[in-house]
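Only one structure is covered here, and it is reproduced in the block below.
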There are 2 protein chains.
Amino acid sequence: MKRDSKLSGILHVLLHMAETESAVTSELMARAMHTNPVVIRRILSGLRDAGFVRSEKGHGGGWKIARPLTEITLRDVYDSLGAPQLFSIGNRTESPECLVEQSVNAALGRALEEAKALLLDRFGTVTLAQLGEDFHARMLASGKTIDLEQSHAI
Amino acid sequence: MKRDSKLSGILHVLLHMAETESAVTSELMARAMHTNPVVIRRILSGLRDAGFVRSEKGHGGGWKIARPLTEITLRDVYDSLGAPQLFSIGNRTESPECLVEQSVNAALGRALEEAKALLLDRFGTVTLAQLGEDFHARMLASGKTIDLEQSHAI
DNA sequence: TTTCATGCAACAGTATATGTTGCATGACTT
DNA sequence: AAGTCATGCAACATATACTGTTGCATGAAA
């Protein structure tokens, strides 16, 4: 399975949005991320529906974060994406007749459930504000500067 | 991403092998699992190299488990498969220039590492013998019988 | 009215897991 | 020795899901 990078991508985009007051267009974000504007809009649409960001059309339009960064957790973002599959391994058959396969599914399922619970719990404890602080610390340490376009140049 | 069911499949096959003394051919296992013999050989090849099963060619040939079921854990089986990817979510870019993306990767990476450690730890505590016991308990409870071919009939 | 931006649907590209075919190799049977 | 049965392996085909692209409609600002 190709690895799903929507969560990684959307967090990246959100933190960049957090660094500026004005609205950011999907076109600008797409250039920065080396991808397509439609991809940006697609991954942001769930967050808009959930009220975490707002989008405006027309001149001066674009995207803005609609809630304090301290009130948005990675879990919120993950859920807004539609809570995509976490694991790339899974059961061969979900409702098997075979009793052997039922035993296998049960054992694997328990372990996967525990790991999922842990992961989502961790997501719930990390806010965008924390990620922003971490970013600023890295910026200080490296002496680099903020520039949505420059910082992503090859 | 299509979900990887090799671990699920190989455990299924191993438990069936455990139910009989004689060698089991990949052709028989494939019929039981509604798949292709080559697929069975492919997922078993790693376990053979690791010494958990043995294969014999020719008349009366096939596959046998080479170690006590109490000494084979799900972790062993997982490792023998080549320790495939566990998660279907991942970073957009593994070694990003962008400091924002570095922060995102670090946060996601920590959570994923913890979940991975928990999952592999659980795998390490479950043996094929335990799965076999669970299967026998289910068989008693249901009144069904063991038959590699019958138990998988549609 | 023009320009700019999002919204959305449909389609193309790509990566990975699984399935299939063909042939070589080796072991047992007759 | 010849025939049969089974694995070993490489190459190719298929299926699925993530990502990228195009086209057009909608709405807001200049």
Original post:
Starting at the 5' end of DNA chain C, which residue's closest nucleotide do you reach first, Ser55(A) or Gly58(A)?
Top reply: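 Between the two, 5'-proximity favours Gly58(A).
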Original post:
So does Arg42(A) reach the base of dG7(C) with its side chain, donor to acceptor, closer than 3.5 Å?
Top reply: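 When only heavy-atom distances are counted, Arg42(A) does not reach the base of dG7(C) through any donor-acceptor pair under 3.5 Å.
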**OP:** Answer yes or no: is there an ion pair linking Arg110(A) with Glu114(A), defined by an N-O contact shorter than 4.0 Å?
**Re:**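 The answer is no: the pair does not qualify as a salt bridge.
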Original post:
With a 4.0 Å cut-off on heavy atoms, is Ser45(B) in touch with a base, just the backbone sugar-phosphate, or nothing at all?
Top reply: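 Ser45(B): no heavy atom of the nucleic acid under 4.0 Å.
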**OP:** Give Gly62(B) one of three labels, base, sugar-phosphate or nothing, depending on what nucleic acid heavy atoms sit under 4.0 Å from its own.
**Re:**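 Sugar-phosphate contact only.
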Rounded to whole angstrom units, what separation is found between the [atom1] atom of [X] and the [atom2] atom of [N]?
X        : N       : atom1 : atom2 : value
His59(B) : dA2(D)  : NE2   : C1'   : 12 Å
Leu28(B) : dA6(D)  : CG    : C1'   : 13 Å
Leu81(A) : dC18(D) : CG    : P     : 12 Å
Asp4(A)  : dT19(D) : CG    : C1'   : 10 Å
Gln85(B) : dT18(C) : CD    : P     : 14 Å
Ile40(B) : dG8(D)  : CD1   : P     : 13 Å
Ile10(B) : dA17(C) : CD1   : C1'   : 15 Å
Phe87(B) : dT16(C) : CZ    : P     : 18 Å

Of the nucleotides [options], which has the atom closest to the [X] side chain?
X        : options                  : value
Asn36(B) : dT21(D), dG19(C), dC9(D) : dG19(C)
Arg41(B) : dC9(D), dC5(D), dT6(C)   : dC9(D)
Val38(B) : dG8(D), dG22(C), dG7(C)  : dG22(C)
Lys57(A) : dT20(C), dT7(D), dT26(D) : dT26(D)
Arg48(B) : dT18(C), dT7(D), dG8(D)  : dG8(D)

Hey, does [Y] have a side-chain heavy atom less than 4.5 Å from the side chain of [X]?
X         : Y         : value
Leu108(B) : Leu74(A)  : yes
Val100(A) : His16(B)  : yes
Leu86(A)  : Leu120(A) : yes

Tell me whether the OP1 or OP2 atom of [N] has a side-chain N or O from [X] closer than 4.0 Å.
X        : N       : answer
Thr35(A) : dG20(D) : yes
Ser26(A) : dT6(C)  : yes
Ser5(A)  : dT19(D) : yes
Lys6(B)  : dT18(C) : yes

Subject >> Residues Arg3(A) and Ser88(B): side-chain donor-acceptor under 3.5 angstrom >> reply: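 Side chains of Arg3(A) and Ser88(B): no pair found under 3.5 Å.
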Original post:
So which one's nearest nucleotide on DNA chain D is more toward 5', Glu27(B) or Pro84(A)?
Top reply: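 Its nucleotide being nearer the 5' end, the pick is Glu27(B).
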Subject >> Euclidean distance, Arg48(B) CZ relative to Trp63(B) CH2, rounded to 0.5 Å >> reply: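 So the CH2 of Trp63(B) and the CZ of Arg48(B) are separated by 4.5 Å.
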